[in-house]
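A quick write-up on the structure given underneath.
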Amino acid sequence: MELKNILNKEQYEAATHGEGPLLILAGAGSGKTRVLTHRIAYLILEKGISPYQILAITFTNKAAQEMRDRVNQLLPERQGEIWVSTFHSMCLRILRREIGNLGYDSDFSIYDTDDQKTVMRQVFKELQIDSKMLKERLVLSALSQVKNQGRSVSDYLLEDPEDFLDGKIRACIRLYEEKLKQNNALDFDDLLLRCKELFEKFPAVLEKYQERFRYILVDEYQDTNDVQFHLVYLLAKKYQNICVVGDDDQSIYRFRGANVENILSFESHFPNCKVVKLEQNYRSTAPILDLANVVIAENQHRKQKKLWTAEKEGLKVSFQEYESAKEEAAAVIRGIRDAGWSYKDQAVLYRTNAQSRLLEEQCIHWNIPYQIVGGVNFYQRKEIKDILSYMKILVNKKDDVALRRIINVPKRGIGEASLLKLQQYGESLGGFSLVESLPFAKAAGLSGKALSMVGSFQEMLESWKDVELSALIDRILQDTEYEKDLQAEGAIEAESRMENIQELQGKLQSYIEENGDEGSLSAFLEEVSLLSDLDRSDLTEDKITLMTLHGAKGLEFPVVYLVGLNEGLFPSAQSMFTPEEREEERRLFYVGITRAEKELYLTAGRDRVVHGQYQSMLVSSFVDDVPEEHLEKKYLYRKKPSEEDIFMEKTGRSGYSSYLQQANQSIKAYMGQSDSYGSSGSYGSSGSYGSTGAYGSSGRSSSNLYGSAGYSSSKKPLDLQAYQQAGIIQKGISGMSSGSLDYQVGDRVSHTKFGEGEVLAIEEDKKDKLVTVLFDTAGQKKMLAGFAKLKKL
DNA sequence: AGAACAGAGGTTTTT
DNA sequence: CCTCTGTTCT
């Protein structure tokens, strides 16, 4: 093969690198998949490596599929021998074989985010924790963090809690872990963590896989988290034939534990490593690439590099602000309709899934075929999860979560009371799960209708034992009369749900065709449990694509619209506080820009509905920051308003700077005399301050922004409302929830994002207590309500 | 046990 | 605004 003619110098160098570690720093659009696939082909054809010894890891199933396809094109006769999989599916495959070592049954279930929440809700109930005080997702994210760092959860639980709240969190985690074990279930994070533990505790097992996978390739390495790094490290340790590809500028998964350091310090983990930089971009025109370079150059923490292209021509990139998000959506969709491109060549990208709705409405209105990728996951839909739960309990008899989900769907008159009896009886038998306890319903004390229904339910399960896999879904639908139950919701709804079930059936059918006799129910469930909606998308149909920026990673389109470039939305309001978060948002912007091949349009809408109320938003600072020569900008009315303007608009007064001074003095004075406790006051309790970018009236419902919510306090140390208006302090930053915990006025506290602060007031706001804290971080004063992320010092 | 009602809370991003 | 949760009533 004349690789030299197909690849450029650097690509060639990377593809034909021999033994030893290799780091490929591949900029956006620099042909990294090409390099990876050719490298695989090179190893097999030129180096005589057996395909069996190659492991390629990607981030999504879709990417895995694409790589498989492209490798197959190069090596049609060696299909299927190479392991191309995601981290999760790789670990799953290994665990299915080896998890016996860790004391699990190999028929374990996999719990997705919803299942995790279900379990955590049970935990809260059992520990009698009020979900006002602690949020399920807070505990789950704490746990996820531990797991993603590759720490052993049992070690973590041995540590002393840092405070009261932390103690509660740990108690929840302990019980959660017990429950998962009881249910013979693993969550997503467990798949990785257990696999790592397996390798560490059983050297023989590790060695087996080290021997097997002599050559390892990892794509999107910048988004690996610590466990993933360890897995790679362990597997590659012996032979050091590890090749990773990534771009630190495209690291956008920090929120789920991705650690950019993994790629930045790869060279120190694998000392004799060869580094290849791919900087020539083959995707985008010069103006697009130019904008991308300007944007990403603002980030401090990155490896220096500059993409270039031979493609000098190209349409200039433009930015347009619209009156409202609705008009923005309309203009974009009309633009798509009138463009000379086919629909499938055009994509609209946005920051949050919620933004898809306006666009969808416009597509319907203008009759444009569209496809929303992501959002509500197919596999998380109620009807799909129901059917899958029926299937799950046939495989894993310990899966109480699945059983509870469907034992009364459709309604059978088996309620909470009956389940409790069953559960208790099962426990008395020595750890019987609910499914295992079903035959003992009578002994457990059930009677009447519930008893007979449990009996027939159990017979039904029994009768499914010998049903052919291909007929199973139909049988379930038939025996449970599931469709009848759906009808209750309404005919249209039922129809679409049945369509989804048919799609699942189709999925099962093609699974059976692919796997033949090898296919089993448990293997099917396993495959399905790791699929996401992104994997379902078919980008070859002639429809425009709507998706989040995260979903767009790794894809490219001739024409791209980046919508919703409003401060508070993108960059997101919750990620503007630390430089790291801001940089990550900017990388996301960069990823968006670099998806475009020929044309790129940036847009914003001034007014948009947030929580049912209109908010007027500023143009994103990401747009403001770009000099005119790189981006043609059309603001609607004016440039970004000054602080003075904002103050004017809100208060109708001038003299912002003297006001600011006065305000600062007042705060200082207050902090100085903070031993005089007891002040309380409810201010601004209308609480719709969502985004920091909101600065007031759009003429519609601005009153809530600085409106009349009563300030009632006997002592009135601060004119808090005024401070809010002046933008010195903020209240109601989302992500912090209200509740009650033992804080007192004057306590020093620390917050994960804002650093140290002092409890300023504890207010009684209807039912909930609100803890209000004044933070003084990096010279900026911030007011927060709630305590979810607070630690007492 | 189940339906009907009221109220609170919630929006990043995903394997 | 819309969805999910908890409560009350049958």
Side-chain angles (χ1 to χ4, degrees), chain A residues 57-64 85-92 110-113 116-117 121 130-132 135-137 144 147-148 187-192 220 223-225 227-228 251-258 349-357 373-377 379-380 408 410-419 448-450 453 488 529-535 547-553 564 568-576 581 584-585 587-588 591-592 608-615 687-688 690-691 701 732 734-739 765-768 786:
Chain A
I57 303 175
T58 60
F59 248 74
T60 62
N61 293 297
K62 198 175 182 83
S85 65
T86 64
F87 271 106
H88 291 267
S89 59
M90 170 188 85
C91 291
L92 179 55
I110 298 163
Y111 282 1
D112 66 16
T113 321
Q116 284 185 289
K117 256 196 209 135
R121 251 194 301 266
D130 184 357
S131 63
K132 288 226 170 58
K135 291 270 173 262
E136 283 93 354
R137 37 166 245 265
S144 183
K147 288 181 174 174
N148 281 327
D187 61 32
F188 280 145
D189 297 327
D190 281 332
L191 293 176
L192 306 178
E220 307 280 12
D223 281 324
T224 50
N225 62 31
V227 206
Q228 290 165 337
S251 167
I252 53 173
Y253 282 102
R254 216 173 73 108
F255 70 92
R256 70 169 198 219
L349 309 180
Y350 37 80
R351 178 67 236 268
T352 67
N353 280 307
Q355 289 167 262
S356 65
R357 218 170 115 167
V373 182
V376 190
N377 198 325
Y379 298 98
Q380 287 181 24
N408 213 20
K411 301 267 181 298
R412 300 190 172 85
I414 305 172
E416 195 46 47
S418 309
L419 282 175
K449 192 184 171 212
M453 290 313 282
S529 62
L530 290 184
L531 287 177
S532 78
D533 221 44
L534 292 174
D535 307 315
M547 66 171 132
T548 64
L549 289 151
H550 283 87
K553 193 166 94 155
L569 226 201
F570 190 28
S572 148
Q574 29 264 298
S575 57
M576 291 197 292
E581 284 171 329
E584 170 130 333
E585 290 282 301
R587 288 195 291 270
L588 193 55
V591 167
R608 63 181 69 228
V609 181
V610 182
H611 292 324
Q613 278 179 327
Y614 269 97
Q615 270 198 4
S688 75
S691 86
S701 69
S734 67
M736 307 206 56
S737 66
S738 55
D765 180 23
K766 286 186 191 164
K767 291 176 206 157
D768 303 332

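Just so it is clear: chains get the letters A, B, ... in the order the sequence lines come, proteins before strands, and each one is counted from 1. Just so it is clear, the values below take in all heavy atoms, side chains as well, and ignore hydrogens, waters and symmetry mates. Keep in mind that what you see is a predicted model, and the values were worked out from it rather than measured.
- In this structure, Lys449(A) atom NZ and dA1(B) atom P are separated by 10 Å, rounded to whole Å.
- Scanning for ring pair (Phe, Tyr, Trp, His ring centres under 6.0 Å) contacts around Phe570(A) gives Phe589(A), Phe622(A), with sequence neighbours left out.
- The side chain of Thr548(A) places an N or O atom within less than 4.0 Å of a non-bridging phosphate oxygen (OP1 or OP2) of dT14(B).
- A close approach under 4.0 Å does not occur between any side-chain nitrogen or oxygen of Thr113(A) and OP1 or OP2 of dT15(B).
- As judged by a 4.0 angstrom heavy-atom cut-off over every strand, Tyr253(A) is placed among residues touching the sugar-phosphate backbone only.
- Only the P atoms considered, dT11(B) is 16 Å distant from dG6(C), to the nearest whole Å.
- Both Gly415(A) and Leu588(A) lie close to DNA chain B; mapped to their nearest nucleotides by heavy-atom distance, the more 5′-ward contact belongs to Gly415(A).
- The closest donor-acceptor contact from the side chain of His550(A) to the backbone of Ile252(A) lies under 3.5 Å.
- What separates NZ of Lys117(A) from P of dT3(C) is a distance of 15 Å, to the nearest Å.
- Comparing dA1(B), dG10(B), dT15(B) against the side chain of Lys135(A) picks out dG10(B) as the nearest.
- For Phe87(A), the ring pair (Phe, Tyr, Trp, His ring centres under 6.0 Å) test picks out no residue, with sequence neighbours left out.
- If you take CD of Gln615(A) and P of dT11(B), they are 16 Å apart, rounded to a whole angstrom.
- Arg357(A) is linked by a side-chain contact (heavy atoms from CB on, under 4.5 Å) to Glu361(A), counting only residues two or more places apart in sequence or in another chain.
- Taking atom OH on Tyr111(A) and atom C1' on dT14(B), their separation rounds to 21 Å, with Å as the unit.
- Comparing Asp189(A) and Asn408(A), the nucleotide of DNA chain B nearest to each residue sits closer to the 5' end for Asn408(A).
- At distances below 3.5 Å, not a single donor-acceptor pair connects side-chain atoms of Asp187(A) with backbone N or O atoms of Ile110(A).
- Among the protein residues, Arg357(A) comes within range of the sugar-phosphate backbone only, with heavy atoms under 4.0 Å from sugar or phosphate atoms but none that close to a base.
- If you measure from atom OH of Tyr350(A) to atom P of dT13(B), you get 10 Å, rounded to the nearest angstrom.
- For Glu584(A), the salt bridge (charged side-chain N to carboxylate O under 4.0 Å, His left out) partners are Arg587(A), not counting sequence neighbours.
- Atom C1' of nucleotide dC1(C) and atom CD of Gln355(A) are separated by 16 Å, given to the nearest angstrom.
- The side-chain contact (heavy atoms from CB on, under 4.5 Å) search around Asn61(A) returns Thr86(A), Leu531(A), Asp535(A), not counting sequence neighbours.
- Checked by atom type and distance alone, the side chain of Asn148(A) never pairs as donor or acceptor with a backbone atom of Ala258(A) at under 3.5 Å.
- Using a 4.0 Å heavy-atom distance criterion, Phe570(A) is classed as making no nucleic acid contact.
- Put simply, NZ on Lys62(A) is 15 Å from C1' on dT15(B), counting in whole angstrom units.
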Protein-nucleotides 5-7 of chain C N/O pairs under 3.5 Å:
{"unit_1": "dT5(C)", "atom_1": "OP1", "unit_2": "Arg121(A)", "atom_2": "NH1", "d": "3.0"}

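- Contact annotation for Lys411(A): backbone-only contact, meaning every heavy-atom pair under 4.0 Å involves sugar-phosphate atoms and none involves a base.
- Counting non-hydrogen atoms under 4.0 angstrom, Ala417(A) reaches the backbone sugars and phosphates but no base.
- Proximity of Asn353(A) to the phosphate of dT13(B): a side-chain N or O atom is located under 4.0 Å from OP1 or OP2.
- Between the NE2 atom of His550(A) and the P atom of dT11(B) there is a distance of 16 Å, rounded to whole Å.
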